[in-house]
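Everything on this sheet refers to the single structure shown next.
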Number of protein chains: 2
Amino acid sequence: MATPEPAPDHDPVAYQRLPALRPRPGKERGTVMRDVAKLAGVSHQTVSRVINEHPNVRAETRERVLAAMRSLNYRRNLAARTLATRESHTLGIIGFETTLFGPESMLYGIESAARAAGYLVSVATVRELTHRTVLEAVDRLAQHDVDGIIAIAPKPAVTTALTHAPGGLICVAVGGSGAGSDPFPRVRVDNDTGARLVTRHLLDLGHATVHHVAGPPDWPEAQSRVDGWRETLYEAGAVVPAVSAGWWDAAAGYEQGRRLAADPDVTAIFCANDRIALGVLRALHEAGRRVPDEVSVAGFDDMPDSGYFLPPLTTVHQDFAEMGRRALALLLRHMGRADGETPPEDVVVAPRLITRASSAPPPGSRRSRQ
Amino acid sequence: MATPEPAPDHDPVAYQRLPALRPRPGKERGTVMRDVAKLAGVSHQTVSRVINEHPNVRAETRERVLAAMRSLNYRRNLAARTLATRESHTLGIIGFETTLFGPESMLYGIESAARAAGYLVSVATVRELTHRTVLEAVDRLAQHDVDGIIAIAPKPAVTTALTHAPGGLICVAVGGSGAGSDPFPRVRVDNDTGARLVTRHLLDLGHATVHHVAGPPDWPEAQSRVDGWRETLYEAGAVVPAVSAGWWDAAAGYEQGRRLAADPDVTAIFCANDRIALGVLRALHEAGRRVPDEVSVAGFDDMPDSGYFLPPLTTVHQDFAEMGRRALALLLRHMGRADGETPPEDVVVAPRLITRASSAPPPGSRRSRQ
DNA sequence: TGGCCATTTGTGAACGGTAACAGTTTCGGG
DNA sequence: CCCGAAACTGTTACCGTTCACAAATGGCCA
């Protein structure tokens with residue numbers, strides 16, 4: 001009965017002698033490389049070569065290993081790989097914990113691009129954008145061995161904090177307005193040009209000048225929009241009205257809008273974003289000033305539903321998801337090189353004017369009478 | 001010449017014999033436990049005890065170790081810890097890659113609560129909610145050793161896919177409407193009650209009946225709102241009009257709204273969310289039907305700016321950030337127990353009616369004349 | 001047939017922590 | 001003063017992968 005040779009698993013190596021892998025309480029062990037190697041009759045190193053697509057593996061061997069992997073439903077342990085290679089295949093995103101439209105949609109753009117490139121995305125948000133909070137976020141991500149960081153960085157506090165990131169951690173900023181002195185690359189929209197497009201559009205319609213409801217003064221993006229608006233007016237020889245500013249929401253727009261609505265000379269208002277524009281529209285409506293017949297209104301962002309405002313909003317489109325994708329591409333490119341190889345070039349995304357019913361010639365103009 | 005005993009540094013242990021730690025190309029080694037141990041004159045295990053706050057360490061020793069850690073700016077390597085303990089201190093979130101208001105704000109709630117609990121959050125999004133895509137997302141998170149998963153799960157495809165998650169991975173669903181047969185806990189808003197609140201509100205104002213513009217038919221949340229609406233009408237003895245449905249955006253609302261605007265019998269419209277309501281408002285406006293004088297409109301969600309619609313929108317508030325926090329708390333509670341210990345209880349969040357200017361008594365009613 | 005090089009495979013030692021156990025103090029009490 | 005328990009600390013062996021190097025295999029040509 002007993003075969004002459006007990007055939008104790010004809011394995012080439014003595015894996016049997018290894019002590020039984022101790023199972024942790026609560027978690028059963030999954031199959032590991034050794035299990036696959038044993039089943040395929042090869043060494044663990046060969047299995048490693050197969051999953052890493054190393055060229056020097058005989059086709060027949062590779063097949064046997066792959067079959068073993070399939071039959072055992074093997075998944076490689078990324079923690080072990082991270083430990084050995086110092087690459088986690090995880091990217092960090094530093095976000096701003098507020099429901100602003102832009103940052104959110106960027107996340108999806110980044111994540112899907114990261115997934116395609118074989119990376120997982122971890123998120124660290126900060127409640128307020130200060131040097132300290134951003135540093136804590138960087139630290140948290142660094143501890144988890146992220147290979148790179150994309151910081152949604154609308155304010156300078158973020159970028160200055162990033163310069164203190166641990167060495168070797170590649171960072172890319174997205175959003176904001178490049179001060180030109182960043183130590184790392186940035187993807188941003190050309191806010192200045194966007195503001196010029198709208199302002200020019202309103203002037204071309206025949207308005208004597210354009211009023212502006214700005215975003216928070218300490219946000220460079222808001223400042224760039226102010227600059228683009230102001231310079232366009234200046235170049236056109238138009239009066240430059242005083243700027244009123246507030247937060248990025250409809251409440252701020254409403255508040256400033258009430259003031260503007262009371263001034264009969266106001267015929268065109270450029271708002272720093274669509275939410276502000278919504279508040280302005282409401283203020284004008286309450287004051288009985290019709291849009292666009294008496295006053296034209298324009299926004300910035302092109303939020304998904306701004307085409308359904310009353311009236312549909314003229315605005316400047318920025319493709320946040322695309323910016324996310326570009327930021328990821330930029331990050332990967334810089335990660336591929338040795339540190340400091342490539343200069344911190346910026347990617348500037350062009351905005352696009354979307355004209356809708358909220359902008360029209362001013363009352364009494366020739367064109368409006370036709 | 002050769003001294004009999006080379007007196008190799010009077011260190012208690014023979015760390016000198018260990019080969020120099022090889023630096024990886026491109027990445028310099030950080031300080032590790034051994035460095036701290038050496039500086040503090042203790043073993044690496046004692047350092048480990050200190051960072052893990054093990055009680056049995058002499059106060060004086062602990063201080064020495066802490067001082068060494070500070071002076072070397074030591075950070076522990078989480079990959080190594082994960083490998084040893086099988087706990088990554090990372091949680092996974094499965095999200096839906098679309099700019100829907102709810103899911104986004106939940107993310108922030110989850111992340112900040114996770115941070116407080118010492119966890120990092122990794123995100124896997126899916127472009128469409130199918131069994132396969134969700135499984136891929138789970139797999140990706142599982143490979144990265146997440147300790148638990150929160151799935152933003154508005155459709156059943158998500159939950160059925162989750163049942164195939166690898167053993168030992170604790171899952172919690174958030175959103176959707178519990179079918180009652182889920183194998184794991186869920187945090188959700190009581191959509192049925194929310195719909196009843198609005199419908200009842202409109203009926204109480206004197207409307208003969210309430211029309212409904214629904215969300216996608218295959219979304220249980222949309223269905224629950226339909227049910228709550230329908231039953232309230234039924235109980236009140238009101239006519240139950242046909243339901244029109246579409247996507248969750250303003251375009252859908254506009255399309256359905258045009259149809260409803262053409263029907264002079266329509267005096268009250270309950271929309272499945274605020275964005276749909278925005279589209280309906282526009283359609284009514286274009287048709288010359290005044291809100292709320294001729295037609296009342298209500299929404300669902302209480303988006304940040306819905307108080308600035310024209311007119312300000314009556315709606316049902318749901319606190320997404322709070323739901324995110326609750327989901328996290330639920331997940332942590334289940335992770336603390338052995339699997340299957342606690343029954344998959346659900347957390348149901350109560351919605352709140354927010355009455356604003358878009359709802360009023362129907363034209364010709366006694367109350368509206370006063 | 002033998003030798004040399006290229007290809008393929010195996011061995012042992014990292015990677016940086018934690019777990020288990022063993023050894024060394026310290027201290028109170030008989 | 002000695003003994004045992006409790007408190008503290010050190011030693012060794014893992015966790016599951018990759019890397020560096022060594023060994024075996026095979027092909028080709030002299």
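Just so you know, these numbers come straight off a predicted model, no measurement behind them. Protein chains get the first letters and strands the later ones, always in sequence-line order, with residue 1 at the start of each. What's counted below: heavy atoms across the whole structure, side chains too, no hydrogens, waters or symmetry copies.
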Do any side-chain nitrogens or oxygens of [X] fall under 4.0 Å of OP1 or OP2 in [N]?
{"X": "B/R34", "N": "C/dC15", "result": "yes"}
{"X": "B/N77", "N": "C/dC15", "result": "no"}
{"X": "B/S48", "N": "C/dG17", "result": "no"}

Out of C/dC15, C/dG16, D/dA20, which has the shortest distance to the side chain of A/Q45? D/dA20
Side-chain atoms of A/R86 come closest, of D/dT17, C/dC15, C/dG17, to C/dC15
Heavy-atom closest contact ([X] atom, [Y] atom, distance):
{"X": "A/R326", "Y": "A/V347", "answer": "NH1-CG1, 3.2 Å"}
{"X": "A/V146", "Y": "A/L169", "answer": "O-CD2, 3.6 Å"}
{"X": "B/V172", "Y": "B/A327", "answer": "CG1-O, 4.0 Å"}

Protein-nucleotide distance ([X], atom [atom1]; [N], atom [atom2]), rounded to Å:
{"X": "B/Q143", "N": "D/dT17", "atom1": "CD", "atom2": "P", "answer": "11 Å"}
{"X": "B/N52", "N": "C/dA20", "atom1": "CG", "atom2": "P", "answer": "13 Å"}
{"X": "B/R75", "N": "C/dC15", "atom1": "CZ", "atom2": "P", "answer": "21 Å"}
{"X": "A/H44", "N": "D/dT17", "atom1": "NE2", "atom2": "P", "answer": "10 Å"}
{"X": "B/L83", "N": "D/dC15", "atom1": "CG", "atom2": "C1'", "answer": "4 Å"}
{"X": "B/R76", "N": "C/dG17", "atom1": "CZ", "atom2": "C1'", "answer": "9 Å"}
{"X": "A/D145", "N": "C/dG17", "atom1": "CG", "atom2": "C1'", "answer": "12 Å"}
{"X": "B/D35", "N": "C/dG17", "atom1": "CG", "atom2": "C1'", "answer": "13 Å"}

Which atoms of nucleotides 7-9 of chain D (N or O only) lie under 3.5 Å from a protein N or O atom, and what are those distances?
unit_1 : atom_1 : unit_2 : atom_2 : d
D/dT9  : OP1    : B/R58  : NE     : 3.4
D/dT9  : OP1    : B/R58  : NH2    : 3.3
D/dT9  : OP1    : B/T61  : OG1    : 2.4
D/dT9  : OP2    : B/R58  : N      : 3.0
D/dT9  : O4     : B/R49  : NH2    : 3.4

Between A/I150 and the options A/V121, A/L330, A/I110, A/V187, the side chain to side chain contact (heavy atoms under 4.5 Å, CB included) test singles out A/I110
Would you say the side-chain atoms of B/R81 pair up with the backbone N or O of B/R76, donor to acceptor, closer than 3.5 Å? no
Is any side-chain N of the basic residue among A/D147 and A/R86 closer than 4.0 Å to the acidic one's carboxylate O? no
Side-chain ion pair, A/E136 and A/R127, N-O less than 4.0 Å: no
